[in-house]
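What follows is a single structure, written as structure tokens, with notes after it.
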Amino acid sequence: MSSLLDNLNPEQLAAVTLPSQHALILAGAGSGKTRVLTTRIAWLIQTGNASPNGLLAVTFTNKAAKEMLTRISAMLPINIRGMWVGTFHGLCNRLLRAHHRDANLPQLFQILDSQDQLAAVKRVLKAMNVDEERFPPRQVAYFISAAKEEGKRPRDIEVTDEFTRRGVDFYSAYDEQCQKEGVVDFAELLLRSFELLARNEPLREHYQARFRHILVDEFQDTNRLQYRWLRQLAGRDNTLFAVGDDDQSIFRFRGANVGNMAEFEHDYKVQNVIRLEQNYRSHGNILAAANALIAHNSRRLGKNLWTAAGEGEPIRVFEAASDGYEAAWLVEEVQALSREGMAYRDMAILYRSNAQSRIMEHALFSNGIAYRVYGGQRFFDRVEVKHALAYLRLLANPDDDGAFLRIVNFPTRGIGARSIEQLQDAALAASSSLYKAVPSVPGKAGTSLGAFVRIIETLREETRDLPLPEVVGALLEKSGLLAHYQSERDGADRVENLGELVNAAAAFVQEEGEGDLATFLAHAALESGENQAGEGTDALQMMTVHSAKGLEFHAVFITGLEEGLFPHEQSVMEDDGLEEERRLAYVAITRARTRLYLSFAQTRLLHGQTRYNIASRFLDEVPDGLMKWLTPRLGSALSQEPAWQPQAAAPRSSQKDPGHGFRIGQSVAHAKFGQGVIVSAEGSGKDARLQVNFGRQGMKWLALEYAKLVPV
DNA sequence: AATCCGTCTATTTTT
DNA sequence: TAGACGGATT
């Protein structure tokens, strides 16, 4: 018993052992937030205050949810499988599956990700003959999602202008289409389950009686609807335990409402507000910088982090003449750290926007440094995977017109736009889904469509009793998808990804202990598949500041600290925009444990134009005494003196490569293609791929591992 | 159905 | 500058 509470500081202990009352835990960066949350759960169970079934714990990411479950099961010998620990979307999905009838959904309803949603909106607009110039689908999709996240249906929206008026129409039509097709988007998952509980009193009371303790992670990121959802489940008698940090609220543009923290305190007359202010992550100087910076924000709940660790090293500041030099300097610094014994995986390069990563990747690659970029294309988002999933979706739910349209002619089977039009007319007349309307289409169009339906039906027959991975395998064969990509010139990657999908299905069955198709599809929609390969390798980490939230590294490089970039020029216009940028900088700084670098460049190539930026105001907001300038402190980035020059040649050209022996511009020979020259490269280590110009043989992308290139 | 070509537009994005 | 997209062309 005592071991559970060992080594907690007084505030953590207080939070963990709070009586059953509402609580707001203001947990600063690196203050042991997850630990408090999980220990609280373990403590509640161990002391008999709650049963595993009586708990509801909500997070934003699957990763956080998984981490929580892992830690809980390490602390307690209980079966975590039945526990309601998950993301808002995951839990809502669970709720709606269990009560699909009450929620007015088909049992096998499908989930649309943002891409699918956009496609669905486009179909609605097309059907309504809307001018996409005046009403861009993206904006309409955003309008709909935003409305849902405010908890609003079309009839609840106050119409003030033309766009809103039409937007409401589109929203209605879109909802109708989704309902007909048996699909729900992300926001709908939440709104639908909220409405379900609001409408259905017995059900609401059932869950309220069950979840005596509701715990929320990253509370500052909740939107209005999520807060209402929580309040509804909490009812009058249950306790809400919310953990969050207003200083780390960086997702306002996605609907997050920091105000929920103050509202929660007010709505529930929260007596227990506990501040976790001891930081266990960063050295003193780093923390002091973070504190000084964030102090420039108004409207804070107030909190000051401190650490028992010493001051540590000063924060290193670097001014580069250009983005290219910044990258070249990074390479040298990273190599120096590596020589000192730091692993690459313990270093992170952070940037404000994704576009910045390229030049740094180039420099790293040219120097043979393994790196890994986070937040790129995710597995389940790839076209070929989405195509395959669409077949599965159609198997599970023939009414899914979105899935139908995606694959009816892919791979091509002679079903053109005219056939589709005829089919759509028929479907409209019969008010049925496209799939079901196929038999009523006459003539040649009917035959080719019929052939498609037969493929699906055969597939359905033949896979009825097969385990999930084999279903996927059969689909890949019978649909012709695999053959299609196998015969495509650059299809090797895609073929591999399709094979990976079979593996994903197998892994899913193994982990979840069930092989239900609809559950797998929900999994694919809700977990975009971030846990890709390459996690074990020692690679430098690169990501945007947003995706760094929740992580920590020994050494952190915050790059591109320039006015216009960070803070971003678009944010400075919005109200509260600058403060959010500052919070972003705060998050970035607090990722660092022992060493922190801040860098900026005098010139930067953006959108094909050279831009001259001045140093970010955030640099001025960090006290001078904490910083050590690696370049002469010039005061302004616009000074006439060129800043640092790399020891090696110009950064954009080729450099020596100790890692894999190849560099851009190098001549190489290939067994089949003959001689060529390396023009570009991506990835690193085992995953490295080189683009080689073989002259007459053309341009080829080659995997370094297999290509057996010889330098000439 | 595939390819080409001009036009447009460039934050962040847990689900 | 580069990529994504839509429309026109073959």
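Lettering follows sequence order; numbering is per chain, from 1. None of these values were measured; they are calculated from a predicted model. The analysis underlying the following values was restricted to heavy atoms, covering all of them including side chains, and did not include hydrogens, waters or symmetry mates.
- Here A/Gly414 lies in heavy-atom contact (under 4.0 Å) with sugar-phosphate atoms only.
- As judged by a 4.0 angstrom heavy-atom cut-off over every strand, A/Phe251 is placed among the base-contacting residues.
- In terms of the side-chain contact (heavy atoms from CB on, under 4.5 Å) criterion, residue partners of A/Glu563 (sequence neighbours excluded) are, by chain and number, A/Pro567, A/Ile614, A/Ser616, A/Arg617.
- Residue contacts shown for A/Gln226 are absent, as no nucleic acid heavy atom lies under 4.0 Å away.
- Cation-pi geometry between A/Arg406 and A/Phe410 is not met: the NZ or CZ atom fails to fall both under 6.0 Å from the ring centre and inside 45° of the normal.
- In 5' to 3' order, the nucleotides of DNA chain B bounding all contacts with chain A (an atom under 4.0 Å from a heavy atom) are B/dA1 to B/dT15.
- Using cut-offs of 30° and 60° on the angle between ring planes, the pair A/Phe520 and A/His523 is parallel.
- Within the 4.0 angstrom heavy-atom criterion, no nucleotide atom of any strand lies near A/Thr59.
- Applying the side-chain contact (heavy atoms from CB on, under 4.5 Å) rule to A/Arg134 yields the partners A/Asp131, A/Glu162; only residues at least two apart in sequence or on another chain are considered.
- With a glycosidic angle no more than 90° from 0, B/dT11 adopts the syn conformation.
- Ring geometry for A/Tyr227 versus A/Phe219: interplanar angle over 60°, hence perpendicular rather than tilted (30 to 60°).
- A/Asp221 comes within contact range of at least one nucleobase, with a heavy-atom separation under 4.0 Å.
- Interface residues of residues 557-577 of chain A facing DNA chain B, ordered by number: A/His568, A/Gln570, A/Ser571, A/Glu574; criterion, heavy-atom separation under 4.0 Å.
- With sequence neighbours excluded, the residues forming a side-chain contact (heavy atoms from CB on, under 4.5 Å) with A/Asn93 are A/Arg97, A/Phe109, A/Ile111, A/Leu189, A/Ala522, A/Leu526, listed by chain and number.
- Ion pairing between a basic and an acidic side chain is recognised when a charged N comes within 4.0 Å of a carboxylate O; A/Arg591 and A/Glu552 show no such pairing.
- Nucleic acid contact for A/Asn93: none, since no nucleic acid atom lies under 4.0 Å from a heavy atom of the residue.
- Taking a 6.0 Å sphere around CZ of A/Arg138, one finds it holds 12 or fewer heavy atoms contributed by other residues, nucleotides or ligands.
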Point to revise | Nucleotide-resolved protein contact map, nucleotides 1-10 of chain C, B/S/- at heavy-atom distance under 4.0 Å | key: BSS--S----
